[in-house]
Amino acid sequence: MTPTVKAILDKYEGTSPAVKANLARILMQGRLGGTGKLVILPVDQGFEHGPARSFAVNPAAYDPHYHYQLAIDAGLSAYAAPLGMLEAGADTFAGRMPTILKVNSSNSWATSIAQAQTGSVEDALRLGCAAIGFTIYPGSDGIFHAMEQIRELREKAAAAGLATVIWSYPRGGDLTKDGELALDVGAYAAHMAALLGAHIIKVKLPTAHIEQKDAQKAYAGTDWSSQADRVKHVVQSCFAGRRIVVFSGGATKGSDAVYQDARDIRDGGGNGSIIGRNTFQRPRDEALAMLDKIVSIYTGQE
């Protein structure tokens, strides 16, 4: 274990050695191992958007083995997916890549802002996962039920030595569409995930918009035009950097924008990227080249 990883784990007071060992598995894996930076491949878009919208542009990606192999060949930190995706390759790829079982999911037909539990801690243990992953929607009508769910799941995971990753995506309630990506809202959502006991927090990159009237005074007088400064504030909101924070890549976009996001995450003190569609929806060679450059950005070589 490197001094950098040890310093990160030392901030997780009250956390069992078993959970820290699984966090170390992720932090020491791949080309970024030991640096404190992470690049995670998430492939839960089949649930969220459907198979054709997710994989038709790159048909090889219909195969769960494709994603395991992409994560391994790119030297990534972990691979996150729902139960069926992980089961489809768990034996073939056992021990070759830390995995995160996404234990709740939604779909694009649902009319409510909520997710169903689709996996368990027992499933994660059976599949040799390092962590469970869970999405919450702060602002939605179902947020309090989701909080109760993750409290129980996190307790079971910790007892079994598994880490917990929380996807915290503000949505619903009085939030406007712009508000879902607002700086004050994103920082609040990240802080909620930390308060719920997340070991790794996943949020979206925030814009400079301030949504909440009651928060505008707290943000006044500071220029938030720099994305790196906005990342720094989100990290600050997660116990002054005492928790690992990674930022999602979002919908497919141009490669230059993906690389600039990585630079801003790095410069703002974020721990890395959790990037799915922007990689697996490209041809494999292009995806590997993109991930290679992102790794280089996080290691300060670019």
Side-chain angles (χ1 to χ4, degrees), residues 1-2 5 9 15-35 37-47 51 54-55 58-105 117-135 153-154 156-167 198-200 202 244 246 271-276 279-280 284 287-288 291-292 295:
M1 186 185 299
T2 64
V5 170
L9 295 180
T15 301
S16 74
V19 172
K20 287 187 177 183
N22 272 316
L23 286 172
R25 281 177 65 191
I26 296 171
L27 287 163
M28 294 300 296
Q29 175 73 23
R31 293 175 58 200
L32 288 170
T35 65
K37 300 299 183 185
L38 305 171
V39 177
I40 298 170
L41 176 67
V43 189
D44 58 345
Q45 292 81 3
F47 253 134
S54 301
F55 309 128
N58 179 22
Y62 280 105
D63 185 349
H65 282 215
Y66 179 87
H67 303 287
Y68 273 101
Q69 197 65 57
L70 179 64
I72 292 166
D73 291 347
L76 302 189
S77 309
Y79 166 47
L83 178 62
M85 291 285 282
L86 292 188
E87 280 190 334
D91 292 347
T92 300
F93 297 98
R96 299 178 61 189
M97 171 63 53
T99 52
I100 300 165
L101 175 62
K102 186 68 166 52
V103 297
N104 70 337
S105 299
Q117 186 176 332
T118 55
S120 67
V121 171
E122 291 77 13
D123 289 325
L125 284 170
R126 173 172 55 84
L127 296 171
C129 297
I132 61 167
F134 189 92
T135 295
L153 284 165
R154 183 199 177 279
K156 289 181 178 178
L162 301 179
T164 295
V165 185
I166 294 182
W167 279 238
H199 301 104
I200 300 175
K202 178 193 175 189
I244 297 166
V246 294
N271 293 95
S273 301
I274 180 161
I275 181 168
T279 54
F280 70 71
R284 177 177 153 82
L288 287 171
L291 290 166
D292 177 71
V295 167

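Values below: all heavy atoms of this structure, side chains included; hydrogens, waters and symmetry mates excluded.
For the residue pair Leu70 and Ala287, the shortest heavy atom distance occurs at CD1-CB, 4.2 Å. Nearest heavy atom pair, residue Leu9 against residue Ala24, reads CD1-CB, 4.0 Å. Contact record, Val165 with Ala131: CG2-CB, 4.1 Å, taken as the closest heavy-atom pair. Of all non-hydrogen atoms in Leu101 and Ala124, the two that sit nearest each other are CD2-N, 3.6 Å. Closest heavy-atom contact between Leu127 and Ala90: CD2-CB, 3.7 Å. The two residues Tyr68 and Gly89 make their nearest non-hydrogen contact at CE1-CA, 3.5 Å.
The shortest side-chain heavy-atom distance between Ile274 and Trp167 falls under the 4.5 Å cut-off. Side-chain contact between Ile200 and Leu23: present, with at least one pair of heavy atoms (C-beta onward) separated by less than 4.5 Å. Using a 4.5 Å heavy-atom threshold, the side chains of Leu27 and Leu38 count as touching. Side-chain contact between Phe134 and Gln117 is absent, with no heavy-atom pair separated by less than 4.5 Å. A 4.5 Å side-chain heavy-atom check between Arg284 and Asp73 finds at least one atom pair inside the cut-off. Between Ile26 and Gln29, the closest side-chain pair of non-hydrogen atoms is not below 4.5 Å. Contact annotation: the side chain of Arg31 approaches that of Asp292 to within less than 4.5 Å [non-hydrogen atoms, C-beta and beyond].
For Thr35 (side chain) and Lys37 (main-chain N/O), a donor-acceptor pair under 3.5 Å exists by modelled atom type. The closest donor-acceptor contact from the side chain of Thr15 to the backbone of Lys20 lies at 3.5 Å or more, if one exists at all. In this structure, Gln69 contributes its side chain and Ala71 its backbone to no donor-acceptor pair below 3.5 Å. Between the Ser77 side chain and the Val39 main chain, a donor and an acceptor come within less than 3.5 Å of each other.
With sequence neighbours excluded, the residues that form a ring-ring contact (aromatic ring centres under 6.0 Å, His included) with Phe55 are Tyr62, His67, Phe280.
Between Thr118 atom OG1 and Asn104 atom CG the span is 6.5 Å, to the nearest 0.5 Å. Here CD1 of Ile100 is found 10.0 Å from CG of Leu41. Values are rounded to the nearest 0.5 Å. From Cys129, atom SG reaches atom CG of Asp123 across 8.5 Å, with rounding to the nearest 0.5 Å. The line from CZ of Arg126 to CG of Leu86 is 10.0 Å long, rounded to the nearest 0.5 Å. To the nearest 0.5 Å, the span separating CE on Met85 from CG on Asp44 amounts to 9.0 Å.
With 3.5 Å as the limit, one finds a donor-acceptor pair spanning the side chains of Lys102 and Thr135.
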